[in-house]
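Here's the structure, in structure tokens; my notes come after.
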Amino acid sequence: MTVTGGTTLKIESGSSLNTADNAVLNAGGTLDVQGTLILKKNLVNQNVAANSLGSGSIVFSGTVNQTISGQNIIQNLELANTAGLTVAGNTRVNGILTLTNGLVTLGTYNLLLGPSATVAGTPSATKMVVPESTGQLQKEFASAGSFLFPVGDASVTAEYSPATLAFNSGTFGANNYAGVNLVDLAYPGTATAFLSRYWNVSQSNISNFSCNATFKYIDPADVNGTESDIFGFRVSPAPFTAYNASNTGTNEISVHGLSSFGIFTGN
């Protein structure tokens, strides 16, 4: 399926279009999904600037790994493919990200969830976002509030290790976001009792904030030494700063009262 430059393909509300071929949006072409577009292969957007693909839903439901490339603004995105989806261009979801089956792998690109965006499904090691490289899962905030980032790694065995950011206060400017990626390794300098996993959290255009962060680790895979000796730490920027003791019942570390972010682990 190819939308040529200067033309528009519109899928009306209440209608659906299934395609077994790549969906290619040539430069200058417009895809207006008001209903549902069901893809068995890849979405290739050749427009240089990010553009909206409509107010409907795009479902990736192939049987081999699919790719979304280009700069895309999608209302609702569903992954229903156990082979997963690779993000090969910065992608924004303004409505619902539904994790039905498969891993959303980010690589060097970001997946941004708009201020009203939500996550549906039951995230797990088989249904999550994987931001292991420089790409982040990002969330825009309209005001103070809490959001669970359904992230994990797939470096050896797929492991679900979500992060939750709960903003108690702050000033949330236009086009703000908080973003998370992670590494399934021990952070250099941790020792004795520590986690072999760390989370990198950053923000843009959020100021004067107070935030509580919680990170879920894998027991026993991430635990080195005695779990009850592990505390939540911000390890970058230096110096290492200790916060709360790990919760050995829920396998979580938490850091409260943050006014800036960085890299977090257990130590």
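This chain uses plain numbering: 1 for the first residue, then up along the sequence. Source: prediction; values computed, not measured.
- Judged by distance alone, the side chain of Thr248 and the main-chain N or O of Ser246 form no donor-acceptor pair under 3.5 Å.
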**Request:** I would like to know whether Phe147 and Phe149 meet ring pair (Phe, Tyr, Trp, His ring centres under 6.0 Å); could you show each step before the answer?
**Result:** CA-CA 6 Å; Phe147 186 77; Phe149 293 73; 5.1 Å; yes
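- Remark: side-chain polar atoms of Ser124 are paired, donor with acceptor, to backbone N or O of Thr126 under 3.5 angstrom.
- Val183 and Val129 fall into different hydrophobic clusters, defined by Ile, Leu, Val, Met, Phe, Trp and Tyr side-chain heavy atoms under 4.5 Å apart, directly or through other members.
- At least one donor-acceptor pair closer than 3.5 Å links the side chain of Asn224 to the backbone N or O of Asp222.
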**Request:** Show the numbers, then the answer: is there a side chain to side chain donor-acceptor pair (under 3.5 Å) between Asp153 and Ser161?
**Result:** CA-CA 8 Å; Asp153 77 277; Ser161 52; 4.9 Å; no
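- A single hydrophobic cluster is seen to contain both Ile58 and Ile68, as judged by linkage of ILVMFWY side chains at heavy-atom distances under 4.5 Å, directly or through other members.
- Open room surrounds OH on Tyr109; 12 or fewer heavy atoms of other groups in view lie less than 6.0 Å from it.
- Rounded to the nearest 0.5 angstrom, Leu43 CG and Ile74 CD1 are separated by 6.0 Å.
- The only option from Asn72, Asn26, Leu25 that meets the side-chain contact (heavy atoms from CB on, under 4.5 Å) definition with Asn47 turns out to be Leu25.
- Under the 3.5 Å distance criterion, the side-chain polar atoms of Arg234 are matched with a main-chain donor or acceptor of Ser260.
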**Request:** Start with the C-alpha distance between Phe240 and Phe231, add both sets of side-chain angles, then the distance that settles ring pair (Phe, Tyr, Trp, His ring centres under 6.0 Å), and finish with yes or no.
**Result:** CA-CA 11 Å; Phe240 281 24; Phe231 284 69; over 10 Å; no
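- No continuous path of ILVMFWY side-chain contacts below 4.5 Å connects Tyr217 to Val235, so the two sit in separate hydrophobic clusters.
- Residues Ile73 and Asn94 form a side-chain contact, since some pair of their non-hydrogen atoms from C-beta on lies under 4.5 Å apart.
- Using modelled atom types, no side-chain atom of Lys10 and backbone atom of Gln34 make a donor-acceptor pair closer than 3.5 Å.
- In terms of heavy atoms, Gly54 sits closest to Ser52 at N-OG, 3.1 Å.
- Residue pairs that meet the side chain to side chain donor-acceptor pair (under 3.5 Å) test with at least one member in residues 132-151, sequence neighbours left out, are Arg92-Glu140, Gln136-Gln138, Gln136-Ser202.
- Cluster membership check: Met128 shares its hydrophobic cluster with Leu148, using side-chain heavy-atom separations under 4.5 Å among Ile, Leu, Val, Met, Phe, Trp and Tyr.
- The structure places CG of Leu106 at 9.0 Å from CG of Leu85, a figure rounded to the nearest 0.5 Å.
- Between Leu31 and Leu37, the closest side-chain pair of non-hydrogen atoms falls below 4.5 Å.
- For the residue pair Ser69 / Thr67, no side-chain donor-acceptor distance below 3.5 Å is found, with atom types taken as modelled.
- In this structure the side chain of Gln203 never reaches within 4.5 angstrom of the side chain of Asn176, judged on heavy atoms.
- Contact detail for Gly232 and Ile253: the closest heavy-atom pair is CA-CB, 3.9 Å.
- Val48 and Gln71 make their closest contact through O-CG, 3.6 Å (heavy atoms, listed as atom of the first residue, atom of the second, distance).
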**Message:** Run Thr98 and Val59 through side-chain contact (heavy atoms from CB on, under 4.5 Å) and show every step you take.
**Reply:** CA-CA 9 Å; Thr98 301; Val59 180; over 6 Å; no
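- Atom-to-atom distance recorded for Arg197:CZ and Leu195:CG is 9.0 Å, nearest 0.5 angstrom.
- Judged purely by atom type and a 3.5 angstrom limit, Asn110 has no side-chain atom pairing as donor or acceptor with the backbone of Asn90.
- Looking at every heavy atom in both residues, Gly257 comes nearest to Asn212 through N-OD1, 2.9 Å.
- Remark: side-chain polar atoms of Gln66 are paired, donor with acceptor, to backbone N or O of Leu39 under 3.5 angstrom.
- Summarising the geometry, atom CG belonging to Asp32 is positioned 8.0 Å from atom CD belonging to Glu12; distances are rounded to the nearest 0.5 Å.
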**Message:** Using the rule given for side-chain contact (heavy atoms from CB on, under 4.5 Å), can you reason through Thr190 versus Tyr198, listing the C-alpha separation, both sets of side-chain angles and the distance that settles it, and then say yes or no?
**Reply:** CA-CA 11 Å; Thr190 53; Tyr198 58 92; over 6 Å; no
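- Rounded to the nearest 0.5 Å, atoms CG (Leu111) and CG (Leu137) are 5.5 Å apart.
- Among Tyr187, Phe215, Phe264, the one residue that satisfies the ring pair (Phe, Tyr, Trp, His ring centres under 6.0 Å) test with Trp199 is Phe215.
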**Request:** Please assess Val151 against Asn181 for the test side-chain contact (heavy atoms from CB on, under 4.5 Å), listing each intermediate value before the final yes or no.
**Result:** CA-CA 8 Å; Val151 297; Asn181 56 22; over 6 Å; no
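- Using cut-offs of 30° and 60° for the angle between ring planes, the Phe172 and Phe141 rings count as tilted.
- Rounded to the nearest 0.5 angstrom, Thr118 OG1 and Asn76 CG are separated by 8.0 Å.
- Inter-residue side-chain proximity for Ile11 and Thr36 is flagged as unmet; no heavy-atom pair is nearer than 4.5 Å.
- There is no path of hydrophobic side-chain contacts, each under 4.5 Å, that joins Leu103 to Val180.
- The minimum heavy-atom distance linking Met1 with Asp21 is given by the pair N-CB, 3.7 Å.
- Applying the side chain to side chain donor-acceptor pair (under 3.5 Å) definition to pairs two or more places apart or across chains, none involves residues 162-175.
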**Prompt:** Stepwise, does the side-chain contact (heavy atoms from CB on, under 4.5 Å) test hold for Glu227 with Asn251?
**Reply:** CA-CA 9 Å; Glu227 183 181 3; Asn251 307 124; 2.9 Å; yes
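- Defined by atom type and a distance below 3.5 Å, a donor-acceptor pair is present between the side-chain atoms of Lys40 and Ser61.
- In the model, Asn244 has a side-chain atom that pairs as donor or acceptor with a side-chain atom of Ser254 under 3.5 Å.
- Val93 and Ala117 get closest at one heavy-atom pair: O-CB, 3.5 Å.
- Side-chain atoms of Asn81 come within 3.5 Å of backbone atoms of Ala83 as a donor-acceptor pair (strictly under, hydrogens ignored).
- At distances below 3.5 Å, at least one donor-acceptor pair connects side-chain atoms of Asn205 with backbone N or O atoms of Ala174.
- Between the side chains of Thr214 and Glu252, no donor-acceptor pair is found at a separation under 3.5 Å.
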